[in-house]
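By convention here, the first residue in the shown sequence is residue 1.
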Amino acid sequence: MDEIVAEFIRRTILKIPMYEMMTILKAWNFLSENQLQTINFRQRKECLVQDLVLLCEEKCASLNDAALLDIIYEDIDLFDMEQFKCSFKKILQRALKNVTVSFRDAEENAVWIRIAWGTQCTKPNQYKPTYVLLYPQTPYAFTSSKLKSFMPLLGQALTVASKHHQIVKMDLRSRHLDSLKAIVFKQCNQTFEDHNSITPLQERCLELDVNVDSRIIHENTVEKERVQRVTQETFGDYPQPQLEFAQYKLVTKFKSDLNGGILAERKEPLRCLIKFSSPHLLEALKSLAPAGIADAPLSPLLTCIPNKGMNYFKIRDK
């Protein structure tokens, strides 16, 4: 692959928003699924572009291949925003009659939507609006609403107006929009403005007696390095997205090696709710092992939150 083709591909990939990257690369169908899996899509965009160009060089991409990538990008980019707004508004007005819908274009081809809900008989309640940030070229929308009863209608209107097969419902909540976007669009390596306001737990420093056996000091140092390595492998070396809680609903039956007992005879499953909360939950979890509060590695149920894109879990017996 000559330098002209490589530069053409590099510039085209740089134009693609991160949240559309995987969709466009799969539509291009030049790089295989296995090749795409070797790429770290959480790294900075400049490094990501460099890795993708190297893969294209290995496959000897031609000018026609590069041109096809550009065409696919332009085709996906040609979303008719005005048509979407008109269609979305009509769907809600037909269903409710009394509803106020306002739009404001945002960066990265997104759109903010404000909806004041009414009914056939009541005027829209302007004091309890729903806010939606929609990325029309993706099946994702971020919502903030106090009126949960209208959410099914909202999802239907978004799906039909954006011409998606479905709008993805994720068990993920936070007050920090940038963190939600980073998790959903797999951009967890970016810097978040809110992170500097939260000081993570610091590792405790204990003064060692001068007479302590040097072998103990060495063992502690080795364990400390292991914990730091495992923590970095689990959470990465970048700031974590800011979430305030993680909730786990457990539905299980009592199990014991001892026979009898009230719980053992119970036919209905036991239900309990476990909730972890913190102003900055993921950074707090990341700090537990280095601070000596928990063993490393932490449970996958705690560390999988960014990868699974959820902080609501339902756990049942297999």
#### Entry: Flag, side chain of Asp237 to backbone of Gln232, donor-acceptor distance under 3.5 Å
no
Which of Asn98, Thr130, Thr122, Thr100 passes side chain to side chain donor-acceptor pair (under 3.5 Å) with Trp117? Answer is Thr130
Between Pro306 and Ile183, the two heavy atoms sitting closest are O-CG2, 3.4 Å
Practice prompt. Step through it carefully: locate the ring centre of Phe313, locate the ring centre of Tyr248, and say whether they are under 6.0 Å apart.
Written response: yes
For the side chain of Lys286 and the backbone of Gly236, is there at least one donor-acceptor N/O pair under 3.5 Å apart?
yes
- Message: Has Asp51 got a side-chain atom pairing as donor or acceptor with Leu48's backbone, closer than 3.5 angstrom?
- Response: no
Here the gap from Phe88 atom CZ to Thr159 atom OG1, rounded to the nearest 0.5 Å, amounts to 10.0 Å
Side-chain donor/acceptor of Thr38 to backbone N/O of Gln35, under 3.5 Å
yes
Correct closest heavy-atom pair for Ala66 and Ile9 would be CB-CG1, 3.6 Å
In terms of hydrophobic clusters joined by side-chain contacts under 4.5 Å, are Leu301 and Leu250 together? yes
* Asked: Does Ser145 use its side chain to pair, donor to acceptor, with the backbone of Lys148 at less than 3.5 Å?
  -> no
Worksheet item: Any donor-acceptor pair under 3.5 Å linking the side chain of Gln247 with the backbone of Ser277?
Response: no
Correct closest heavy-atom pair for Met21 and Phe41 would be CG-CE2, 3.9 Å
- prompt: Hey, mind stepping through Phe235 and Leu285 against side chain to side chain contact (heavy atoms under 4.5 Å, CB included) and telling me if it holds?
  reply: CA-CA 9 Å; Phe235 291 94; Leu285 292 175; 4.2 Å; yes
Distance-only polar pair, side chains of Arg44 and Gln50, donor-acceptor under 3.5 Å:
no
Note: Ile305 and Met310 closest approach over all heavy atoms is CG2-O, 3.2 Å
Nearest heavy-atom approach of Pro241 to Leu282 is O-CD1, 3.4 Å
Heavy-atom nearest pair, Ala106 first then Trp112, reads CB-CD1, 3.8 Å
*Treat each ILVMFWY residue as a node, draw an edge where side-chain heavy atoms are under 4.5 Å apart, and state whether Tyr140 and Tyr312 are in one component.*
no
Worksheet item: Backbone N or O of Gln242 within a donor-acceptor pair of the Ser174 side chain at under 3.5 Å?
Response: yes
Side-chain donor or acceptor of Glu283 paired with backbone N/O of Gln240 under 3.5 Å:
yes
Determine, for Arg229 against Glu225, whether the closest basic-nitrogen to carboxylate-oxygen distance falls under 4.0 angstrom.
no
Interatomic distance, CD@Glu7 vs CD1@Ile4, rounded to 0.5 Å, equals 10.0 Å
ask   = Mind checking whether Leu36 and Leu54 sit in one hydrophobic cluster, side chains of I, L, V, M, F, W, Y counted as touching below 4.5 Å?
value = no
Is the Lys NZ or Arg CZ of Lys59 less than 6.0 Å from the centre of Phe30's six-membered ring, within 45° of the axis?
-> yes
Just do the salt bridge (charged side-chain N to carboxylate O under 4.0 Å, His left out) check on Lys15 and Asp70 with the steps written out, would you?
-> CA-CA 10 Å; Lys15 292 189 296 182; Asp70 187 53; 3.3 Å; yes
**Request:** State plainly whether one hydrophobic cluster holds both Ile274 and Leu172, where clusters connect Ile, Leu, Val, Met, Phe, Trp and Tyr through side-chain heavy atoms under 4.5 angstrom apart.
**Result:** yes
Worksheet item: Is the backbone of Gln83 close enough, under 3.5 Å, to the side chain of Ser87 for a donor and an acceptor to pair up by distance?
Response: no
- Would you say Trp28's side chain and Asp65's backbone share a donor-acceptor pair under 3.5 angstrom? yes
If two hydrophobic side chains count as joined below 4.5 Å and joins carry through other members, does Leu154 share a cluster with Val160?
-> no
